[in-house]
Amino acid sequence: MEMANIAKLAKNSSIELSNFDSNKKNTILDNIAKEIEKNINLILKVNSEDIEQSKKDGLSMPLLKRLSFNEEKIKTVIQGIKNLIELDDPVGKTKLSTELDKGLELYQVTCPIGLIGVIFESRPDALVQISTLCLKSGNSVILKGGREATKTNKLLTEIIKNASIKSGAPENWIFNLETREDVHSLLKLDKYIDLIIPRGSNEFVKFIMDNSKIPVLGHADGICHCYIDEFADINMALDITDDSKTQYVAVCNALETLLVNEKIAKDFLPKLNEKLTNKNVKLIGCEKTQKIISCEKASDNDWSTEYLDYILSIKIISNIDEAIEHINNYGSGHTDSIVTSDKSSASRFMNYVDSGNVFWNCSTRFSDGFVYGLGAEVGISTNKIHSRGPVGLEGLIIYKYKLIGTGQIIKDYSNKNFTHKKLNKTIDF
């Protein structure tokens with residue numbers, strides 16, 4: 001089927017889906033969860049085939065880890081769907097109500113975006129999270145995952161589509177693409193597609209933006225920082241750095257660059273070196289770092305590199321303002337954390353670091369839609385548009401204005417003022 005026809009069908013389905021009530025959407029989601037659970041063994045089998053082929057193709061270890069969709073991950077996405085069911089429906093909420101004049105009332109009401117195209121990396125769990133978030137928020141979706149997960153993504157889409165159709169969903173609310181050619185065609189379909197969400201490198205996101213008229217919600221590199229302030233508790237700083245870097249290295253909220261205040265560096269870095277060396281983390285650092293611990297010299301490129309691997313770049317800085325300047329210069333606007341016991345330092349860091357997620361005394365790994373209670377995420381936006389940070393249900397809705405009158409015409413207001421009275425009312429249709 002041609003991409004234009006796919007997009008047209010999906011767009012038409014989005015209109016129907018946008019008017020489903022909460023109970024109907026939750027019933028569909030419940031059946032999707034049950035069908036995924038019924039098919040765990042088949043999913044594991046198909047995923048293992050993708051993994052074996054990817055090993056032959058020389059896929060890196062971090063990407064293989066992302067590709068793996070084991071039983072634990074499957075059960076996690078099933079639980080994620082159940083949690084999603086429990087969340088409030090974001091559609092149909094009255095955001096504001098205003099009386100323009102007696103008998104003329106304006107309402108701002110949330111509604112789905114429409115048809116969303118999502119191009120993402122190798123993680124099959126992302127496909128389940130993205131599609132179910134779109135369903136709950138009343139959006140149709142066209143998905144394109146990494147080619148290394150082709151079989152797994154195809155099977156998951158079939159399971160989700162069949163389960164949802166049996167529960168009353170429109171037949172064409174979800175499509176799965178398999179080729180790069182499909183993506184190039186997708187980018188030209190601004191007539192039907194309302195939003196593109198690309199998850200990948202800066203270069204990839206820029207390519208999407210440069211080659212489409214469709215609005216793009218960009219999830220670029222995760223160049224995440226942790227700044228160890230001079231007032232940091234060393235044991236806390238060690239644990240937070242360790243968790244941020246090693247708990248799961250192949251994700252976008254993992255730590256890539258560590259900034260250390262020069263007043264604490266001599267006490268902190270040798271202990272960190274011992275801790276991370278035991279976990280096979282390769283440390284690279286600036287000249288000042290090299291004078292304290294044995295490590296390779298970092299280049300300027302390292303400060304703007306997302307490793308997604310057991311590599312950590314370290315830079316010793318003079319003060320918090322230098323740390324903020326470094327992050328705003330080299331970071332990707334994803335997630336950055338400060339470890340300190342000084343509230344004024346934490347306040348300055350969190351107010352001046354220009355990122356979607358800024359943390360105080362906790363791991364960068366908390367930057368996640370599921371952790372935030374958003375019902376998982378379609379990605380983490382580093383843009384400054386309607387949604388920033390983890391994009392959950394609230395990031396997949398927009399709003400429309402509904403004006404209810406009693407026969408008013410605009411020419412009557414040439415010599416008459418509007419009341420613009422704020423109302424505390426909701427609209428239920």
Side-chain donor/acceptor of [X] to backbone N/O of [Y], under 3.5 Å:
| X | Y | result |
| --- | --- | --- |
| Ser140 | Leu115 | no |
| Lys245 | Asp309 | yes |
| Asn139 | Leu396 | yes |
| Thr132 | Gln129 | yes |
| Glu262 | Ile316 | no |
| Thr110 | Lys93 | yes |
| Ser54 | Asp50 | yes |
| Thr241 | Leu238 | no |
| Arg66 | Ala250 | yes |
| Ser244 | Ala254 | no |

Inset, instruction - Taking the six-membered ring of Phe175 (Phe, Tyr or Trp), confirm whether the NZ or CZ of Lys161 is under 6.0 Å from its centre and within 45° of its axis. - result: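 Yes, a cation-pi geometry holds between Lys161 and Phe175.
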
Legend entry - Test side-chain contact (heavy atoms from CB on, under 4.5 Å) applied to Leu187 and Ile208, step by step: CA-CA 7 Å; Leu187 299 180; Ile208 299 296; 3.9 Å; yes

Taking only residues two or more places apart in sequence, or in another chain, which ones meet [X] in a side chain to side chain contact (heavy atoms under 4.5 Å, CB included)?
| X | answer |
| --- | --- |
| Asp302 | Ile284, Ala298, Ser299, Tyr307, Ser313 |
| Asn31 | Thr27, Lys34, Ser167 |
| Ser185 | Met3 |

Inset, instruction - Give the intermediate values and the outcome of side-chain hydrogen bond (donor to acceptor under 3.5 Å, both in side chains) for residues Asp242 and Thr246. - result: CA-CA 6 Å; Asp242 180 20; Thr246 69; 2.7 Å; yes

Legend entry - Audit row: Thr340, Asp342, side-chain hydrogen bond (donor to acceptor under 3.5 Å, both in side chains) steps and yes/no: CA-CA 5 Å; Thr340 184; Asp342 182 64; 5.2 Å; no

Check whether any side-chain heavy atom of [X] lies under 4.5 Å from a side-chain heavy atom of [Y], and answer yes or no.
| X | Y | answer |
| --- | --- | --- |
| Glu171 | Leu9 | no |
| Leu276 | Leu312 | yes |
| Phe69 | Leu127 | no |
| Ile320 | Ile324 | yes |
| Trp173 | Ile160 | yes |
| Asn361 | Met236 | yes |
| Leu104 | Glu99 | no |
| Ser332 | Glu306 | no |

With a cut-off of 6.0 Å (strictly less than), are more than 12 heavy atoms of other residues, nucleotides or ligands near [atom1] of [X]?
| X | atom1 | result |
| --- | --- | --- |
| Glu158 | CD | yes |
| Lys402 | NZ | yes |
| Asn417 | CG | no |
| Tyr330 | OH | yes |

Nearest 0.5 angstrom please: [X] [atom1] to [Y] [atom2], how far?
| X | Y | atom1 | atom2 | result |
| --- | --- | --- | --- | --- |
| Cys134 | Ile197 | SG | CD1 | 6.5 Å |
| Cys226 | Ile327 | SG | CD1 | 8.5 Å |
| Asp89 | Asp21 | CG | CG | 8.5 Å |
| Trp360 | Ser345 | CH2 | OG | 9.5 Å |
| Asn70 | Asn47 | CG | CG | 8.0 Å |
| Ile6 | Ile142 | CD1 | CD1 | 6.5 Å |

Which heavy atom of [X] sits nearest a heavy atom of [Y], and at what distance?
| X | Y | value |
| --- | --- | --- |
| Tyr227 | Phe349 | CB-CE1, 3.9 Å |
| Ala4 | Tyr192 | O-CE1, 4.0 Å |
| Ser337 | Thr364 | CB-CG2, 4.1 Å |
| Leu67 | Ala149 | CD1-CB, 3.5 Å |
| Ile113 | Gly395 | CD1-O, 3.9 Å |
| Ile119 | Ile196 | CD1-CG2, 4.5 Å |

Inset, instruction - Check the pair Ile28 / Phe20 against side-chain contact (heavy atoms from CB on, under 4.5 Å), numbers first and verdict last. - result: CA-CA 11 Å; Ile28 296 170; Phe20 279 21; 3.9 Å; yes

Legend entry - Any donor-acceptor N or O pair under 3.5 Å, side chains Asn253, Ser367: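 There is no such pair (donor and acceptor under 3.5 Å, judged by atom type) between the side chains of Asn253 and Ser367.
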
Inset, instruction - Scan side-chain atoms only and decide if Lys136 and Asn26 contain a donor-acceptor pair under the 3.5 Å cut-off. - result: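 Distance-only check passes for Lys136 and Asn26.
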
Any Lys/Arg nitrogen of [X] or [Y] sitting under 4.0 Å from an Asp/Glu carboxylate oxygen of the other?
| X | Y | value |
| --- | --- | --- |
| Lys82 | Glu86 | no |
| Glu178 | Lys144 | no |
| Lys416 | Asp101 | yes |

Inset, instruction - Using the six-membered ring wherever Trp is involved, compare the ring planes of His326 and His225 and label them parallel, tilted or perpendicular (cut-offs 30° and 60°). - result: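 Rings of His326 and His225: perpendicular, as their planes differ by over 60°.
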
Legend entry - Full working for side-chain contact (heavy atoms from CB on, under 4.5 Å) between Cys252 and His334: CA-CA 8 Å; Cys252 60; His334 193 296; 3.3 Å; yes

Side-chain donor-acceptor distances from residues 35-43 under 3.5 Å, at least two apart:
| unit_1 | atom_1 | unit_2 | atom_2 | d |
| --- | --- | --- | --- | --- |
| Glu35 | OE2 | Lys38 | NZ | 3.4 |
| Asn39 | ND2 | Glu35 | O | 2.7 |

Inset, instruction - Please list all pairs passing the side-chain hydrogen bond (donor to acceptor under 3.5 Å, both in side chains) test where one or both residues lie in residues 4-16, with sequence neighbours left out. - result: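 Checked against side-chain hydrogen bond (donor to acceptor under 3.5 Å, both in side chains) - neighbours excluded - the pairs reaching residues 4-16 are Lys11-Asp194.
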
Legend entry - Listed partners of Tyr248 passing ring-ring contact (aromatic ring centres under 6.0 Å, His included), at least two apart: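 For Tyr248, no residue satisfies ring-ring contact (aromatic ring centres under 6.0 Å, His included) once neighbours in sequence are set aside.
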
Inset, instruction - Apply side-chain contact (heavy atoms from CB on, under 4.5 Å) to Leu100 and Leu403, showing your working. - result: CA-CA 9 Å; Leu100 303 188; Leu403 184 61; 3.7 Å; yes

